[in-house]
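Numbers restart at 1 for each chain; the letters A, B, ... are given by sequence-line order, proteins then strands.
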Amino acid sequence: MSEKELRRSMSVFPIGTVMKLTDLSARQIRYYEEQDLIVPMRNEGNRRMYSLTNIDVLLEIKDYLSDGINMAGVKRIYKLQESKEKNREQEMTKMMTDDDVRKILHDEFLAVSGLNTKKPHLFLDQNRIG
DNA sequence: TTTCTTACA
DNA sequence: TGTAAGTA
């Protein structure tokens, strides 16, 4: 996660500030949380603290709602994005793994055939195996 | 003062 | 969704 993303994910705004920034009522903001559209952090006093990312989502929700989409529809949109991101990450992980295996087999082949002119990969791959 | 939870003439 | 009550 980049520093920019870390900053955007820092929960530092109390609900009152979020109300002004999004023009939503506290009731609505808490309701969207109940619908699992956002997951604000809690401070020592059990107060909800929101991040810029949370605020972005709330603004997006407002846009969808103003476009005539109901809560069920909004929830479907985020559910879909969530599953797609998981699949993408899983695919990426699988690709990385396959690539590692390929490199390892390639290096082993070079070593056995006595043509290993580049050993650098062996260190990295062995660490990944362990 | 602000926010939280719960509940509803 | 709004709003009231009683807290923290």
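Residues from residues 43-54 of chain A that place a heavy atom under 4.0 Å from any atom of DNA chain B, listed by number: A:N46, A:R47, A:R48. Proximity of residues 17-40 of chain A to DNA chain B (heavy atom under 4.0 angstrom from any strand atom) is restricted to A:R30.
A:N70 places a side-chain N or O within 3.5 Å of a backbone atom of A:A72 that can act as its donor or acceptor partner.
Enclosure of atom CE in A:M41 is not indicated, since only 12 or fewer non-hydrogen atoms of other residues, nucleotides or ligands lie within 6.0 angstrom.
For the pair A:Y32 and A:V57, the minimum side-chain heavy-atom distance is 4.5 Å or more. Contact check for A:Y50 versus A:I38: side-chain heavy atoms found under the 4.5 Å cut-off. In this structure the side chain of A:R48 reaches within 4.5 angstrom of the side chain of A:R30, judged on heavy atoms.
Just one of A:I29, A:L37, A:T53 meets the side chain to side chain contact (heavy atoms under 4.5 Å, CB included) condition when paired with A:L58; it is A:I29. Applying the side chain to side chain contact (heavy atoms under 4.5 Å, CB included) test between A:R7 and each of A:K4, A:E3, A:E5 identifies A:E3 as the sole match.
The structure places CG of A:N54 at 11.0 Å from OG1 of A:T22, a figure rounded to the nearest 0.5 Å.
Under the Watson-Crick or G-U wobble criterion, with both distances below 3.5 Å, B:dT6 is paired with C:dA4.
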